[in-house]
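The structure presented is a predicted model; accordingly, all values stated were derived computationally and were not measured.
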Amino acid sequence: MEIRSVIGAFSDDVVIERKQTVYFNTFDSTEYEELFQKLAKNSYILNGNFSDSQWSLSEGISDYPIVISFDLDLYPNLNKALRAYTVVRIISGRNPLTVYNELATLKEIIFESNGFQDIRKFETFLIRCCNNFVYKGYRVAKDTERFLSFYEVKNKQHIIDICKKVGSYSGTNRDLPPFEDIMIFDDVLNDYFQSYPTEQTIEYLPILMWWLITNILPLRPSEFLMLGKDCVQYREHQNFKYGIKVPRIKQRSDTPEFITKYDFVEIDERTYNLINQSIKKIELLGIDSPYLFPIQLLTHFRIQKRDKKNNRVNRRDFDFLKKEFYENVVEKLYGHYGLERVKSGDTRHFAIINMCLQGFNMLSIARM
């Protein structure tokens, strides 16, 4: 398996990388422990030792640690190999969620194939995955090939040959909800915030802000939720008076680290005022946070208060809040049942479509 490391850079966007092929036996147990401790020192891993059965991985974008488990007690050698493999994957730049998904897939494969010993069971499992979900079959094949390029097992080549029979997965076009369902959601959202008192609507304020901002600016959900409380500015003597500072996330290829750059984008006075008014409403709840959407905004309205490890609303929190808005407002309050729900990332596509229709430069749109 290959890992990459940066050995030089011409600029922030142009770097020189070195590739190195790594196998399980490339490092011994002491060296893997040292690599683990280096990752822990740099806060990529948040707890413990290499031999622990659980690791917590730092996930800056979601502002919430991802817990991975090494619980293959029946296969201690594979368990150790998975720890080593995980260290190498983190070093090679895989983000924590990718590492979590790969590890979950590999553990499932190991259980289904009796530790890669039963080729017939492995092939049956792979066929079942391909028949049920094409993408999962593709992922099982690729994750198996990658792991076996790192760790030697009996009948390795036979298993890889089976994996190579799985065709490539080209993905599918994103299906957006029907236009009528989108317009009903838009009508309900606008009427709800105009017709009901702030005390009732403020719990769902992030939904309103998401709908208004990301339908105009093509932000990913994770970028939208990273907005700071100081994101809007008024600049009287500049080319445009009202602007918003938005994060742009780019993952580095040699580490699990994400680089966040900021663009200052023009907005209209109405949007500027709306964001400022929203900040003041949140502050009236006694919440003081550097984020536009602090986690206290959600916990404030919960009957059962739970300590949250994240400081701001993350993707999981937001998706759950949107689910509640559909159930409590769109369905129960307004009586619109059976709508296809807008996904958090759909509005970015709405914004891109609108920009194309307005004649924006296609290259500029592609870079967003």
With a 4.5 Å cut-off on side-chain heavy atoms, are [Y] and [X] touching?
| X | Y | answer |
| --- | --- | --- |
| Phe318 | Pro206 | yes |
| Glu331 | His336 | no |
| Leu208 | Leu212 | yes |
| Ile45 | Ser58 | no |
| Tyr44 | Leu57 | no |
| Tyr85 | Arg146 | yes |
| Lys229 | Asp288 | yes |
| Thr86 | Arg83 | no |

Under 4.5 Å between side-chain heavy atoms, hopping through other hydrophobics if needed: is there a path connecting [X] to [Y]?
| X | Y | answer |
| --- | --- | --- |
| Phe320 | Met209 | no |
| Tyr291 | Leu274 | no |
| Phe350 | Met183 | no |
| Ile109 | Ile127 | no |
| Val188 | Tyr196 | yes |

*is_close_aromatic(Phe150, Tyr23), centroid dist under 6.0 Å*: no
Which word best sums up how the rings of [X] and [Y] line up, parallel for under 30°, tilted for 30 to 60°, or perpendicular for over 60°?
| X | Y | result |
| --- | --- | --- |
| Phe27 | Tyr32 | perpendicular |
| Tyr192 | Phe325 | perpendicular |
| Phe293 | Phe224 | tilted |

Does [X] reach the main-chain N or O of [Y] with its side chain, forming a donor-acceptor pair under 3.5 Å?
| X | Y | value |
| --- | --- | --- |
| Thr26 | Val22 | no |
| Asp346 | Lys343 | yes |
| Asn47 | Trp55 | no |
| Asp118 | Lys121 | yes |
| Lys261 | Pro247 | no |
| Trp210 | Ser344 | yes |

Going by atom types alone, do [X] and [Y] pair a side-chain donor with an acceptor below 3.5 Å?
| X | Y | value |
| --- | --- | --- |
| Lys80 | Ser29 | yes |
| Tyr334 | Asp187 | no |
| Thr98 | Asn101 | no |
| Asp317 | Asn310 | yes |

Salt-bridge contact [X]-[Y] (side-chain N to carboxylate O under 4.0 Å):
| X | Y | value |
| --- | --- | --- |
| Asp71 | Lys107 | yes |
| Arg248 | Glu223 | yes |
| Arg94 | Glu102 | no |
| Arg128 | Glu112 | yes |
| Asp319 | Lys323 | no |
| Glu145 | Lys164 | yes |
| Glu34 | Lys41 | no |

*Gap separating the CG atom of Asp268 from the OG1 atom of Thr271, nearest 0.5 angstrom*: 3.5 Å
_Would you compute the distance between atom OH of Tyr326 and atom CD of Glu340 and round it to the nearest 0.5 angstrom?_
9.0 Å
*For Cys231, check side-chain contact (heavy atoms from CB on, under 4.5 Å) against everything at least two apart and list the hits.*
Leu227, Ile244, Ile275, Leu292
*Residue list, side-chain hydrogen bond (donor to acceptor under 3.5 Å, both in side chains) with Gln54, at least two apart or on another chain*: Ser69
*Could you tell me whether Lys245 sits above the aromatic face of Phe264, with NZ or CZ closer than 6.0 angstrom to the six-membered ring centre and within 45 degrees of the axis?*
no
*What do you reckon, is CZ of Phe179 surrounded by more than 12 foreign heavy atoms closer than 6.0 Å?*
no
*asked:* Walk me through whether Asn273 and Tyr242 qualify under side chain to side chain donor-acceptor pair (under 3.5 Å).
replied: CA-CA 10 Å; Asn273 289 333; Tyr242 303 99; over 6 Å; no
*Report the residue from Asn190, Asp186, Thr347 that forms a side chain to side chain donor-acceptor pair (under 3.5 Å) with Trp211.*
Asp186
